[in-house]
2 protein chains.
Amino acid sequence: MSMNYAFKALSDPTRRKILDLLREKDMTAGEIADHFQMTKPSISHHLSLLKQAQMVYDERKGQNIYYSLNTTVFQDLLKWVIQFH
Amino acid sequence: MSMNYAFKALSDPTRRKILDLLREKDMTAGEIADHFQMTKPSISHHLSLLKQAQMVYDERKGQNIYYSLNTTVFQDLLKWVIQFH
DNA sequence: CCGATATTTAGATAAATTCCTAAATATCTA
DNA sequence: TAGATATTTAGGAATTTATCTAAATATCGG
C-alpha cells in the first residue's frame, strides 16, 4: 500500500520542509534546493522519494522541472490520523 | 518539537500496527507481542519509541505493563495533515 | 552543433535503524 | 526467600538511510 512510502517519506525533516515549501507555491528543483544547506543531488534524492510516495508531481518545463503537491495521499493520511482522534 | 519523534515513530509498519491494536483496547506488552512474529525485546523497543514520541502511555499493574494510546500528538498530526488537504 | 544551465543518476561512506540473544529488573506466589 | 512470569536493558550484526562528489542526461541559446 502506498501509505507505507508516505509514512517513510514523512519521517525525514528535510522532506517535510520541502512539502511545506510546496504548500506556498510550485517550485523548481533548484529553487527548492536553494532553501537548504545541502547539495542538489541530495535534494533531488529527497524529491524522488516524495515522488515515489505520490506526495508530489514533477513536470518538466524547458530546462526546469517543476514540483507541486499531490494531495491524494494526504487524504488517506487524514483518514488514518482521524481514527486516533 | 515532539512531532519529529512522532513522524519517526510512524515510519515503521510494526509501530503503526501496534497503534492500531491499541485503538481497539489497552494491552500489556506481552499481549501486543503475541500479535507479531518478533521477539519481545524487539516489541519492547518499538513500544519505547512510541512512548518517546508521546503516542502511548505505559502503566504498570502488578507484573504487567499496560499500554494505551496518548491522543494528544495525534491532534497535532491532524492539524499538520489538514494543511495539505 | 557547442557551451552553459538545470537536474538526475551512480557509487561510496558514515550514521541510523531493526532485529536478535543474553542478561538484568520487577513483581507475584508458595 | 526462592522460583516463576513479565518486561526491559545491553550489546552486537545486518540492513537501510542520508549525504557527498563525480559523471551523465536534457534543454536552451547562439
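Protein chains get the first letters and strands the later ones, always in sequence-line order, with residue 1 at the start of each. Small disclaimer: the values here were computed from a predicted structure and weren't measured.
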Of the listed C:dC28, C:dT8, C:dT5, the closest approach to the B:Gln63 side chain comes from C:dC28

Closest to the 5' end of DNA chain C, once A:Ser42 and A:Asn64 are matched to their nearest nucleotides, is A:Asn64

message: With a cut-off of less than 4.0 Å, is there a side-chain N or O of B:Lys61 near OP1 or OP2 of D:dA6?
response: no

**Asked** Is the shortest side-chain N/O distance from A:Thr28 to OP1 or OP2 of C:dT7 below 4.0 Å?
**Response** yes

A:Asn4 atom CG is separated from D:dT16 atom P, nearest whole Å, by 13 Å

Using the six-membered ring wherever Trp is involved, compare the ring planes of B:Trp80 and A:Phe74 and label them parallel, tilted or perpendicular (cut-offs 30° and 60°). tilted

Query raised in the report: Any salt bridge between A:Lys17 and A:Asp20, counting N to O under 4.0 Å?
Result: no

Checking D:dT17, D:dT8, C:dT8 against the side chain of A:Ser44 (C-beta onward), the nearest is C:dT8

Taking C:dT18, D:dT7, D:dA22 as options, the one with an atom nearest any side-chain atom of B:His45 is C:dT18

| So what does A:Lys51 touch, heavy atoms closer than 4.0 Å: a base, only the sugar-phosphate, or nothing? | nothing

Any side-chain to backbone donor/acceptor pair from A:Arg15 onto A:Leu10? Under 3.5 Å, distance only.
no

Here the distance between atom C1' of C:dT18 and atom CD1 of B:Ile43, to the nearest Å, is 11 Å

Does D:dT19 have OP1 or OP2 under 4.0 Å away from a side-chain N or O of A:His46?
yes

Donor-acceptor contact present, side-chain A:Asp26 to main-chain A:Tyr66, <3.5 Å: no

Q.
Below the 4.0 Å mark, does C:dA6 have OP1 or OP2 next to a side-chain nitrogen or oxygen of A:Tyr67?
A. no

Taken to the nearest 0.5 Å, the spacing of B:Asp34 CG from B:Met27 CE works out to 7.5 Å

Between OH of A:Tyr66 and C1' of C:dT8 the distance, given in whole Å, is 18 Å

B:Leu47 CG to D:dT9 P, in whole Å, measures 11 Å

Quick note, A:Met38 side chain, CB onward, closest among D:dT21, D:dT19, D:dT8 is D:dT19

Of D:dT27, D:dT17, C:dT21, the nucleotide closest to the side chain of B:Pro41 is C:dT21

Testing C:dA4, D:dA18, D:dT19 for proximity to the side chain of A:Arg15, the answer is D:dA18

Separation of D:dT17 atom C1' from B:Phe7 atom CZ, nearest Å, is 18 Å

